[in-house]
Amino acid sequence: MRRLSSKLFRSEDTPAIARSLLGKLLVVPGPAGERVSGMIVETEAYLGVTDRAAHSYGGRRTARNEITYAVGGHVYVFFVYGMYHQLNIVTGPPNHPHVVLVRGVEPVEGIDLMRERRATVAYKNLTSGPGKLCVAFGIDRSFNGKKLSGKRIWIEDYRDISAADIAIGPRIGIDYAGEDAGRPWRFWIRGNSFVSRPRIESRPAKDENISL
DNA sequence: TGTCCGATTGGT
DNA sequence: CCAATCGGACAG
């Protein structure tokens, strides 16, 4: 298994990075050093200071989102709703606070441990959402600021996903973002059951300026 | 220090 | 549809 080149995360084209992460393998070793992994099936791009849905909108820079201003390849983990963590990958050059949110993963290795961590939920619910997958992988705020080139968390090549199998649509849970709420910056593998909300139909990317 | 609210989830 | 649950952002 080969880790992704850290170069990939330094691109300024965050939607393209979000799309390219589909089919890649997220690896977070368990307590005994064993492999715990899953194939990324759903991502969202957050485009920094101009994106009303982003934590860095308008140049906001706080203790919480400080790491998003670092060079691409770092991990940004934040806590919401009093109980859930969210896993993000920082992208772009320094002072370019774009990120990719990992919203869905298909379990590959360490499934027994994921089951323990997620208690009694059905297999299909193990990792089909940004909060769920953080529980299954044991991701909390101690991961904030870690590098994907380190030992606690990384991403490997795994499967190639053809363009025909990729769906694109507006992001989830950001209705407060005004015009930016409708931007097609959510990407998922069509038909995969670990996508958090498969019901939302995809639409052509042609109406928006994203490279695919 | 006080208030408001969230890039969600699971149960009604 | 709605409660859970608490840290972060920001106003005062």
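Numbered from 1 within each chain, the chains take letters A, B, ... in sequence-line order.
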Which part of the nucleic acid, if any, lies within reach of [X] when heavy atoms closer than 4.0 Å are counted: base, sugar-phosphate only, or nothing?
{"X": "A:F79", "value": "sugar-phosphate"}
{"X": "A:L101", "value": "base"}
{"X": "A:G131", "value": "sugar-phosphate"}
{"X": "A:N125", "value": "nothing"}
{"X": "A:V100", "value": "nothing"}

Are OP1 or OP2 of C:dA9 and a side-chain N or O of A:T62 less than 4.0 angstrom apart?
-> yes
Find which nucleotide of DNA chain C each of A:R141 and A:M83 is nearest to by heavy atoms, and output the residue with the more 5' nucleotide.
-> A:M83
Taking for each residue the nucleotide of DNA chain B with the nearest heavy atom, is it A:G173 or A:V121 whose nucleotide lies nearer the 5' end?
-> A:G173
Earlier contact from the 5' end, DNA chain B, for A:E44 and A:K132 | A:E44
Taking the six-membered ring of A:F78 as reference, does the NZ or CZ atom of A:R64 fall below 6.0 Å from its centre and within a 45° cone about the axis?
-> yes
Between C:dA11 (P) and A:R60 (CZ): distance, integer Å | 11 Å
Whole angstrom value for the distance that separates C1' of C:dC10 from CZ of A:R61 = 19 Å
Mind telling me whether A:F79 and A:H85 have parallel, tilted or perpendicular rings, with 30° and 60° as the class edges?
-> tilted
Does the distance from a Lys or Arg side-chain N to an Asp or Glu carboxylate O, for A:E42 and A:R186, drop under 4.0 Å?
-> yes
Decide, yes or no, whether a salt bridge links A:R35 with A:E109 under the criterion of side-chain N to carboxylate O below 4.0 Å.
-> yes
Any chance you could encode DNA chain B as dot-bracket? Rule is Watson-Crick or G-U wobble with both distances under 3.5 Å; [ ] for pairs crossing earlier ones, | for another strand.
-> ||||||.||||.
Quote, to the nearest angstrom, the P distance that separates C:dT5 from B:dG2.
-> 22 Å
Kindly indicate whether the side chain of A:L113, heavy atoms from C-beta on, has any atom under 4.5 Å from the side chain of A:P31.
-> yes
Side-chain donor/acceptor of A:D180 to backbone N/O of A:A53, under 3.5 Å = no
Could you list where the contact with chain A starts and ends along DNA chain B, reading 5' to 3', using a 4.0 Å heavy-atom cut-off?
-> B:dG6 to B:dG10
Shortest non-hydrogen separation from [X] to [Y] and the atoms involved:
{"X": "A:R152", "Y": "A:P29", "answer": "O-CD, 3.3 Å"}
{"X": "A:A136", "Y": "A:L126", "answer": "CB-O, 3.8 Å"}
{"X": "A:S11", "Y": "A:I17", "answer": "O-CD1, 3.6 Å"}

